[in-house]
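Okay, so here's the structure we're looking at.
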Amino acid sequence: MLSLMLRCLGAFAVTLNDGVITGFPSDKIRAFLAYLALEKGQPLRRDALCALFWPELAPAAAQNNLRVTLHRLRETLQKAQPNLANALLVSNRQTVQLNPSLITVDVLTFQTLLATCATHAHPDLLGCAVCITRLAQAVELYRGELLAGVGLADAPAFEEWLLLQRETLHQQALAALHTLVQAHEQQGNDLEAHRYASRRLALDPYQ
């Protein structure tokens, strides 16, 4: 059973059945794979991907770059395990997508944990042990900003998307840490409250 894990919070990393996949040829290919993964397996139009990643090229040149990127991504995945690319990447003349049943993404798990807390029926979040556990799991996943160190100077639309996503996730992590501090203070657990407060301060030193 294939089990592919993408770590996008902090330094980008891909693991397959506990083994790390290396050899991605460029930041653009890493960013491309991460973007497909964060779209939750939705089919993405090729022309939209071209506009996002190669906005300064003519349509024909951008489409060619997309084909080359897909080819290099497939090569990297195939080196990790035969048939991995065929199982994971689904593409046709109009769209590209990932098979969501084969992949776990830390960002999506982080957001799901927070959303579950937000919709859980509890009289008081600070006193809900289940949700406090979920929040603790979420902040452990937040190892740093989204795709730390990755930047595409030739793709301003992608950079704008990345900046917005980074800020959204950053604020969500700060809010979760604040709740954890309050919850542990309320329980009289000063050591845990201090630990989470220190993490929050590290993420936002100007607080």
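As the structure is a prediction and not an experimental result, all values here were calculated from the model.
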Heavy-atom pair of closest approach, residues Val139 and Ala173
CG1-O, 4.4 Å
Heavy-atom closest contact (Pro100 atom, Lys40 atom, distance):
CB-O, 4.3 Å
Linking I/L/V/M/F/W/Y whenever any side-chain heavy atoms sit under 4.5 Å apart, do Leu70 and Leu98 land together?
yes
Given the rule that I, L, V, M, F, W and Y join up when any side-chain heavy atoms are under 4.5 Å apart, are Ile21 and Val107 in one cluster?
yes
Applying side chain to side chain contact (heavy atoms under 4.5 Å, CB included) to Gln182 and Gln186, what does each step give before you reach the verdict?
CA-CA 6 Å; Gln182 289 183 308; Gln186 182 173 285; over 6 Å; no
Tell me if a side-chain donor or acceptor on Arg134 pairs with a main-chain N or O of Leu113 at a distance below 3.5 Å.
no
Does a sphere of radius 6.0 Å around CZ in Arg74 hold more than 12 heavy atoms from other residues, nucleotides or ligands, not counting ones at 6.0 Å or beyond?
yes
May I ask you to decide if Leu44's main-chain N or O and Gln97's side chain share a donor-acceptor pair within less than 3.5 Å?
no
Under a 4.5 Å cut-off applied to non-hydrogen side-chain atoms, are Cys50 and Pro59 in contact?
no
Correct closest heavy-atom pair for Ala193 and Val181 would be O-CG2, 3.7 Å
Hey, mind stepping through Glu167 and Gln171 against side chain to side chain donor-acceptor pair (under 3.5 Å) and telling me if it holds?
CA-CA 6 Å; Glu167 181 60 22; Gln171 292 301 324; 2.8 Å; yes
Are the side chains of Val14 and Val20 in contact, using a 4.5 Å heavy-atom criterion?
no
Using every non-hydrogen atom in the two residues, find where Ala34 and Phe12 come nearest and quote the distance to one decimal.
CB-CE1, 4.1 Å
Side chains of Asp106 and Thr109: do they bring a donor and an acceptor to under 3.5 Å?
no
Counting only heavy atoms not in His71 (residues, nucleotides, ligands), do more than 12 fall under 6.0 Å from its NE2?
no
Is there a side-chain contact between Lys28 and Asn65 (heavy atoms, below 4.5 Å)?
no
Using the ring-ring contact (aromatic ring centres under 6.0 Å, His included) criterion, which residues pair with Phe110? Sequence neighbours excluded.
Tyr142
Polar side-chain atom of Arg7 near backbone of Arg143 as donor-acceptor pair, under 3.5 Å:
no
Aromatic rings Phe32 and Trp54: how do their planes relate, parallel, tilted or perpendicular, breaks at 30° and 60°?
tilted
So CZ of Phe24 and CD of Glu75: to nearest 0.5 Å the spacing works out to 12.5 Å
Does the pair Arg30 and Asp27 meet the rule for a side chain to side chain contact (heavy atoms under 4.5 Å, CB included), with working shown?
CA-CA 5 Å; Arg30 295 182 189 93; Asp27 270 355; 3.0 Å; yes
Connected via hydrophobic side-chain network under 4.5 Å: Leu180 and Leu126
no
Between CG on residue Leu141 and CD on residue Gln137, distance to nearest 0.5 Å:
8.0 Å
Common cluster, Leu108/Leu4, ILVMFWY with side-chain heavy-atom separation under 4.5 Å:
yes
hydrophobic_cluster_shared for Leu89 and Ile103, side chain cutoff 4.5 Å
yes
Ignoring hydrogens, what is the shortest heavy-atom contact between Leu169 and Gln111? Give both atom names and the distance.
CD2-NE2, 3.7 Å
Over 12 non-hydrogen atoms of neighbours within 6.0 angstrom of CD in Glu160
no
Evaluate Ser91 against Arg46 for side chain to side chain contact (heavy atoms under 4.5 Å, CB included), listing each step before the verdict.
CA-CA 9 Å; Ser91 63; Arg46 285 175 176 258; 3.8 Å; yes
Within this structure, what is the CG-CD distance for the pair Leu88 and Gln78, rounded to the nearest 0.5 Å?
10.0 Å
Just how far is it from atom CG of Leu163 to atom NE2 of His170, taken to the nearest 0.5 Å?
11.5 Å
Over all atoms of both residues, closest heavy-atom pair of Asp154 and Pro55:
O-CD, 3.6 Å
His122, NE2 atom: more than 12 neighbouring heavy atoms under 6.0 Å:
yes
Under the criterion side chain to side chain contact (heavy atoms under 4.5 Å, CB included), I'd like the reasoning laid out for Thr76 against Leu33: C-alpha separation, chi angles, the key distance, then a yes or no.
CA-CA 11 Å; Thr76 303; Leu33 176 59; over 6 Å; no
Output the distance between atom CG (Leu135) and atom SG (Cys117), rounded to the nearest 0.5 Å.
4.0 Å
Working note: Glu192 + Arg195, criterion salt bridge (Lys or Arg N to Asp or Glu O under 4.0 Å); need CA distance, chi angles, decisive distance, verdict.
CA-CA 5 Å; Glu192 284 296 280; Arg195 183 168 75 88; 3.0 Å; yes
Gap separating the CG atom of Asp47 from the OG1 atom of Thr95, nearest 0.5 angstrom
10.5 Å
